[in-house]
Amino acid sequence: MSSAFIPVVTEYQTKHGRDEANRLVSSTFIFILIFVGIICALGIIFAPAIVSAIAPGFLKEPEKFSNTVFLTRIMFPFLLFISLAALTMGALNARGVFFIPALAPAMLNVAIIVCVLTLSMQFTNPIVAVAIGVTAGGLVQFLIQVPSFFRQGYSFSHYSITPSPRRPFWHPGLKRIGLLIIPSTAGLAVAQINIFISTILASYLAEGSITYLYYSMRLIQFPIGIFGVAMGMAVLPALSEHSVKGEMEKVKEDFSFALRLLFFITVPAMIGLIALNVPIVSTLFQRGKFEYAATIGTSDALMFYSLGIWAIVGVRVIAATFYSMQDTKTPVKVAAAAMIINVVFSLLLMKPMKHNGLAFANAIASGCNFVLLFYFLRKRLGGIGTKRMLNSFTKTFIASTIMGLAGWFIARNEIWSISEIWTMSGYGLKKAVYLGSAIIICGGIYMFLSYLLKSEELGYIIKR
């Protein structure tokens, strides 16, 4: 929603002033409250049909199906709360406020932890506490931004300049947002839709397949969420302002810089997740019922999912550039092609590679999504500094690969008997010390190699 909302709000703010932008924000708030509220009500009513579509394999196990329907109903209001949180986030980003909106998603984790600690003993099925935490977390994500929202002069009660008894909340910009939001959502959601497809197919594989994919996906979301999403959100208001003013050279400069800096940060994270996949999964998850076999299953999926990190974060920046120009059609067309690629490769690979094939198909589809979007953006804008970006990426990849080889050797060295500990359950502190030391050493190696290769992005970070 932010991707459709920010460019339009920025345009009104630039051309018509802050007061008109405030009216647009309040109109959008009322519309979301009504429209998404209805969707949530329908979602709760038709939860059985939704679960049947998402995980048809669960129909063979009535108890699992019933539990999933119940949890879905508890969590559906999250959709309304997160939509309102996205609105306040977009409004604040348009005014150059990023810290509180960036902090807000952490409240989901805080709420889940609090609910698990305080409510899990109150239910026969403790997982209900987690579902309640998800819904509460969505509400808190919205509420934590409200004080900053008001401080920026926004309100939930503005009416448009020409209020009507029939349309008291209507604003002309709302239609513009509506025309952009569906294709922009589809374009940005390709990664989530691919996960959705993988979940359907994984429900037909061996027990544990969905779990392996879920845990490994959470791990790749760490660099994607911290850096990819953040960069996409930070660059969109600036790109939108340049586009409104017709400053296309600045659009190209901002895009090139954002992509180069993002790759400099996320490519080593990608290589690190591949090189240290078993130590990372063992340290974080291997205890209780999560045994070494589950560690291997999750680690293998993590390795294949990680191959697509560079593309997923890159798409965030390229899509933001298209959205800043209020072009949402190109990303959605490319997203449709990427989804077809994901389905084809998932069907081809799931039999020989099991759940790993689904993860690999996701990475392939993400790569195709990036390459196609980059091609069409270059075609539209002309020269976007491709040679400079390729030179930067080459340096980053070389330094990351050498770093990854060093990390693999350090964490699995038989001479120091470190490799044996990853097969054992527990030993969390000892594992954390070994893994943390390996990561610190790898980080140092990467920075040193980047310095030797005269990385422009490293120079920028040092100056900052």
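Side-chain atoms are counted along with the backbone in the values below, which use heavy atoms only and exclude waters and symmetry mates. Note that the coordinates shown come from a computational prediction; the quantities given were computed from them, not determined experimentally.
- Between M217 and Y305, some side-chain heavy-atom pair lies under the 4.5 Å cut-off.
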Item to check | Derivation and outcome, side chain to side chain contact (heavy atoms under 4.5 Å, CB included), residues V281 and L302 | outcome: CA-CA 9 Å; V281 174; L302 174 61; 4.0 Å; yes
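- Within a 6.0 Å sphere centred on CZ of F263, other residues, nucleotides and ligands contribute more than 12 heavy atoms.
- Atom OH of Y214 is surrounded by 12 or fewer heavy atoms from other residues, nucleotides or ligands within 6.0 Å.
- For residues 219-249, the set of pairs meeting the ring-ring contact (aromatic ring centres under 6.0 Å, His included) definition, not counting sequence neighbours, is empty.
- A donor-acceptor pair under 3.5 Å is absent between the side-chain atoms of S148 and the main chain of Q145, judged by distance alone.
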Item to check | Stepwise ring-ring contact (aromatic ring centres under 6.0 Å, His included) check, F58 with F65 | outcome: CA-CA 5 Å; F58 285 6; F65 178 80; 8.2 Å; no
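- Ion pairing of E11 with R176 is present here, as a side-chain N (NZ or NE/NH1/NH2) and a carboxylate O approach within less than 4.0 Å.
- Contact record, P7 with Q326: O-NE2, 3.9 Å, taken as the closest heavy-atom pair.
- Pairing each heavy atom of T295 with each of S282, the nearest pair is CG2-N, 3.9 Å.
- Closest approach of V128 and I74 over heavy atoms only: CG1-CD1, 3.8 Å.
- Side-chain contact between N22 and S155 is absent, with no heavy-atom pair separated by less than 4.5 Å.
- Aromatic ring centres of Y215 and F290: separated by under 6.0 Å.
- Side-chain contact between F322 and F376: present, with at least one pair of heavy atoms (C-beta onward) separated by less than 4.5 Å.
- Looking only at distances, no side-chain donor or acceptor of N277 sits under 3.5 Å from a matching main-chain atom of M303.
- A donor-acceptor distance shorter than 3.5 angstrom exists from the side chain of T28 to the backbone of L24, with no hydrogens or angles considered.
- Y323 contributes no side-chain N or O that, together with a main-chain N or O of T328, makes up a donor-acceptor pair within less than 3.5 Å.
- Side-chain atoms of S256 do not come within 3.5 Å of backbone N or O of K252 as any donor-acceptor pair.
- In this structure, a donor-acceptor pair under 3.5 Å is present between the side chains of T330 and D327.
- Side-chain atoms of V140 and V110, non-hydrogen and from C-beta on, never get closer than 4.5 Å to each other.
- In this structure, the side chain of N369 does not engage the main chain of I312 through any donor-acceptor pair within 3.5 Å.
- F345 and F360 have their aromatic ring centers separated by at least 6.0 angstrom.
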Checklist entry - Do E457 and F257 pass the side chain to side chain contact (heavy atoms under 4.5 Å, CB included) test, and can you show the C-alpha distance, the side-chain angles, and the key distance before you say yes or no? => result CA-CA 9 Å; E457 293 70 42; F257 172 75; 5.9 Å; no
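- In plain terms, the two heavy atoms of H355 and G297 that are nearest each other are NE2-O, 2.9 Å.
- Side-chain contact between L261 and I461 is present, with at least one heavy-atom pair separated by less than 4.5 Å.
- The pair D19-R23 meets the salt-bridge criterion, since a charged nitrogen lies less than 4.0 angstrom from a carboxylate oxygen.
- Distance alone, capped at 3.5 Å, is enough to place a donor-acceptor pair between the S324 side chain and the T321 backbone.
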Item to check | M89/F98 under side chain to side chain contact (heavy atoms under 4.5 Å, CB included): CA gap, chis, key distance, verdict | outcome: CA-CA 8 Å; M89 178 182 290; F98 294 97; over 6 Å; no
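- Judged by distance alone, with hydrogens and angles left aside, the side-chain atoms of Q13 form a donor-acceptor pair with the main-chain N or O of A94 at under 3.5 Å.
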Item to check | Test log, rule side chain to side chain contact (heavy atoms under 4.5 Å, CB included), inputs H171 and Y12 | outcome: CA-CA 11 Å; H171 187 285; Y12 271 89; 3.5 Å; yes
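- Side-chain N or O atoms of S203 include one that pairs as donor or acceptor with a backbone N or O of I200 at under 3.5 Å.
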Item to check | Intermediate values then yes/no, ring-ring contact (aromatic ring centres under 6.0 Å, His included), W310 and F397 | outcome: CA-CA 11 Å; W310 68 276; F397 185 75; 9.8 Å; no
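- At least one side-chain heavy atom of L273 sits under 4.5 Å from a side-chain heavy atom of P223.
- More than 12 heavy atoms of other residues, nucleotides or ligands sit less than 6.0 Å from atom CZ of R73.
- Relative orientation of the F156 and F150 rings is perpendicular, given thresholds of 30° and 60° on the angle between their planes.
- Atom SG of residue C368 and atom CG of residue L373 lie 11.5 Å apart, to the nearest 0.5 angstrom.
- The number of heavy-atom neighbours closer than 6.0 Å to CZ of F123, taken from other residues, nucleotides and ligands shown, is above 12.
- By the 4.5 Å heavy-atom criterion applied to side chains, M325 and L381 are counted as neighbours.
- Between V25 and F149 the shortest side-chain heavy-atom distance falls below 4.5 Å.
- Partners of E456 under the salt bridge (Lys or Arg N to Asp or Glu O under 4.0 Å) rule, at least two apart in sequence or in another chain, are R260, R388.
- Screening residues 213-241 for salt bridge (charged side-chain N to carboxylate O under 4.0 Å, His left out), with sequence neighbours left out, gives E241-K245.
- For the atom pair OG1 of T396 and CD1 of I265, the computed distance is 10.0 Å after rounding to the nearest 0.5 Å.
- Rounding to the nearest 0.5 angstrom, the gap separating the CG atom in L80 from the CZ atom in F35 is 12.0 Å.
- The nearest pair of heavy atoms linking V251 to L239 is O-CD2, 3.6 Å.
- Distance alone, capped at 3.5 Å, places no donor-acceptor pair between the T135 side chain and the I132 backbone.
- Taking CD1 from I113 and OG1 from T118, the interatomic distance works out to 11.5 Å, rounded to the nearest 0.5 Å.
- In this structure, G133 and A111 approach most closely via the heavy-atom pair O-CB, 3.5 Å.
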